[in-house]
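Written below as C-alpha cells is the structure these notes are about.
One-based numbering, in listed order, for ligands and for the atoms of each. Count residues from 1 along the sequence. Atoms considered below: every heavy atom in the structure, side chains included; atoms not considered: hydrogens, waters and symmetry mates.
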Amino acid sequence: MLKLLKYLRPYSIPIAAVITVVFFQCMGDLYLPTLMSDVVNKGITNGDVDYILRTGLLMLIVALGGSLCAVLASYLSSHISMGLGEILRSRIFRKVSSFSLHEYDRIGTPSLITRSTNDVSQIQNVVMMSFRMMIGAPITAVGGIILALQKDRGLAWIIAIAIPLLASLIVFVAVKGFPLFKAIQKKVDRINLVLRENLSGIRVIRAFDRGDAEKARFDEANRDLTETSIKVNRMFAALMPAMMLIMNYTTIAILWFGTRRVNVGSSNVGDMMAFLQYAMQILFSFLMASIMFIMVPRAQASADRINEVLEMDIGISDPASPSVPRSESRGFVEFRDVSFTYHGAEEPAVRGITFTARPGETTAIIGSTGSGKSTLLSLIPRFYDASSGSVLVDGMDVREMSQAELRSRIGFVPQKAVLFTGSVAENIRYGKEDASDEEVRRAAETAQALEFVEGMAQGFGSPISQGGSNVSGGQKQRLSIARALVKRPDIYLFDDSFSALDFKTDARLRSALRKETADSTVIIVGQRVATIMDADRIIVLDEGRIVGMGTHAELYAGCAVYREIVASQLSEEEIA
Ligand code: ADP
C-alpha cells in the first residue's frame, strides 16, 4: 500500500489542502461541546440571555463552518482518489504492454483485468475515506481526550475502560478479515476467468450443448465468492452492534456517575454534558479508525496484487545501449544452436536449431503439431528469448538491438488472425499508419482480400466488429496478411497463416506473394505440404529438433519424417 502512495505525488497540493480542511473541521467539532458547556455554566446558571445568544450564534457559525469543511474535504478526497485510480490504471496498462509473453503466461489475462479494474477501485475507496478518517480520527481522539479531562477528571476512568474494549474488538476483526479479503480478490479473478471463457467460447459451448455444465461452473465460482463475502459481512454485521453497545453503555455510565458527581457538587451539568459529547467523539473516532482497519487490509490485498504487476521483472527488455545492424545487410535471419524451454516446462520446446534464411528466399518450416514450429518463429520477433544459443537478425543478436528496431524489420502474421474494432482499412493500416489508400488496396489485392472487401457494403470503410467476428476465418487471415504486407518489411513471418484458406485461394495468394516479397526474407510455418513444397529451403521439425533441411526433392529423397508427411497429404502425381 505504501509503495503505491508515491503515485500521489502530483496531488501534493490538494492533499495539503484536504489535510488543512479536515484539521479545521475537527477543531470546530471539538470546540462545540466547550461552547455548549459555557452556555450552560455561564449563561443559563447566571441568567445571562445576552451571553447565551452571543455564544449560540458562535455555535451556529462554527457548525456551519464545519459542514462547509466537510463538503470541501469530500470534494478534494474524490479528486485525489479518482486521480490516483487514473494513474494506477495507466501504469498497469503501460507495464502490461511491456510484458513479454512469459509474464502474460504467469499472471493470466483474467487476473490482469481484475487487477486493473476491481483492485484499483479498492485502493481508490480507501484513499477517498482515509483523509477524513486517518487524519480526522487521531486529531479528534487526542483533542477529545485532552478536553474531556479538562472538563471532568473524575469520569475519565469510563473512557479508559471503553477504549481498550473497542480497540480489541477492532483488532480481532481486522486480523480475521485480512485472509478473507485476499481470498475474495482471488475469487473475483476466478469469476472473470469463467466468464471470459464462456463469452469467447460461446459457439463451442452451444455446439457441444455444454450450456448447463458451464452454468454450473459459473454458479460454483459465483457461490464461492458469495460465501466468502457473506463470511466477511457477517463478521462486520456483528462488529457494528457490538460497538454501538459499548458506546451506549459508555453514555449510560457517564450519565449515571456524572449526575452523582453533580449532586455532590464535584462537577456541574455543563461540564458533564460536554464530557459526554467528548466521550462520544473519542469513541466515534475509534469507530472511524475501525472502518479503516477494515478497509486498509482489503486495499492492502489489492495493493499487493497491483504491485506484483508493477514490479514484475520484465523478461524481455531493450539493452542499455541498443545497436543498429549495418544497413547493407537487410533481411538475414540466423539461428545458432538455439534451444528454448517454456517457463515451468521440463523439456525444451525447440533445441539445437541452426539455420540461415536470406533475402529473396523462402524458408518453410514443417512438422507435426507440437513439434515447435510456432515456438521457433516466435523467437525471431523476441516474443520469447532463446534459453541458449542466439538468434541473429541482419547479423546482430536480437537481444542487442531495441525491440522497436527489430520489429520494424518484421511483418508477422500470427497463427490465429486477430483483428481490432474499426474499419477494414484501419485494420490494414495497423501495419503502417500512414499508408496511402493505394498501398492499402494493393496489400489487400496481394492478400486476395480485395474481392470480398469490395463486396462489403462500405468497402474498405466497412466496420470490423470486436474480435473480427463479422468476417470469416479465411477472411480474417487474409486481412492480417494484408496488414503485414502494407508494412513492406524485410522479413515476413507467416505462422501457419494459410490454414483457413481453400486450396485455390492459397495457391493464388502464394503466387501473388512471391512477386510482392521477391526481395524479402520469407519464413513460412505450414501444415500443408502443397503450401510449402516450392520453398527454397524446407526445415523439417520433429519434437523440437531439425531432422531434415533442403528442397522438396532433396528431402523427399532423404528424410523419412518428411516423406511420411508428404505421403499422408499428396497423391503420387502431386509429389512429382
Ligand atoms: P507447433 O507450432 O509445431 O504446433 P508449438 O511451437 O506451438 O508447436 O509448441 C511446441 C511445444 O511447446 C508443445 O509441446 C507445446 O505444448 C509447448 N508450448 C507451446 N506454447 C507454450 C506455452 N505458452 N507455455 C508452455 N508450453 C508451451
Expected rows: ligand 1 N/O, protein N/O, dist below 3.5 Å:
{"from": "ligand 1", "atom 1": "2 (O)", "to": "Ser374", "atom 2": "N", "distance (Å)": "2.9"}
{"from": "ligand 1", "atom 1": "2 (O)", "to": "Ser374", "atom 2": "OG", "distance (Å)": "2.8"}
{"from": "ligand 1", "atom 1": "3 (O)", "to": "Gly370", "atom 2": "N", "distance (Å)": "3.4"}
{"from": "ligand 1", "atom 1": "3 (O)", "to": "Ser371", "atom 2": "N", "distance (Å)": "3.2"}
{"from": "ligand 1", "atom 1": "3 (O)", "to": "Ser371", "atom 2": "OG", "distance (Å)": "3.4"}
{"from": "ligand 1", "atom 1": "3 (O)", "to": "Gly372", "atom 2": "N", "distance (Å)": "3.0"}
{"from": "ligand 1", "atom 1": "3 (O)", "to": "Lys373", "atom 2": "N", "distance (Å)": "2.9"}
{"from": "ligand 1", "atom 1": "3 (O)", "to": "Lys373", "atom 2": "NZ", "distance (Å)": "3.0"}
{"from": "ligand 1", "atom 1": "4 (O)", "to": "Gly370", "atom 2": "N", "distance (Å)": "2.8"}
{"from": "ligand 1", "atom 1": "6 (O)", "to": "Ser374", "atom 2": "N", "distance (Å)": "3.4"}
{"from": "ligand 1", "atom 1": "6 (O)", "to": "Thr375", "atom 2": "N", "distance (Å)": "2.8"}
{"from": "ligand 1", "atom 1": "6 (O)", "to": "Thr375", "atom 2": "OG1", "distance (Å)": "2.4"}
{"from": "ligand 1", "atom 1": "8 (O)", "to": "Gly372", "atom 2": "N", "distance (Å)": "3.3"}
{"from": "ligand 1", "atom 1": "20 (N)", "to": "Tyr342", "atom 2": "OH", "distance (Å)": "3.3"}
{"from": "ligand 1", "atom 1": "23 (N)", "to": "Asp105", "atom 2": "OD2", "distance (Å)": "3.3"}

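- Interatomic distance, CE of Met312 versus CD1 of Ile92, reported as 12.0 Å (0.5 Å rounding).
- No donor-acceptor pair under 3.5 Å is formed between the side chain of Glu86 and the backbone N or O of Gly83.
- Counted by atom type alone, His552 and Tyr562 present one or more donor-acceptor pairs between their side chains at under 3.5 Å.
- Contact annotation: the side chain of Phe460 approaches that of Ile428 to within less than 4.5 Å [non-hydrogen atoms, C-beta and beyond].
- Taking the ring centre of Phe503 as origin, the terminal cationic atom of Arg528 falls inside the region bounded by 6.0 Å and 45° from the ring axis.
- Contact annotation: the side chain of Ile538 never approaches that of Met549 to less than 4.5 Å [non-hydrogen atoms, C-beta and beyond].
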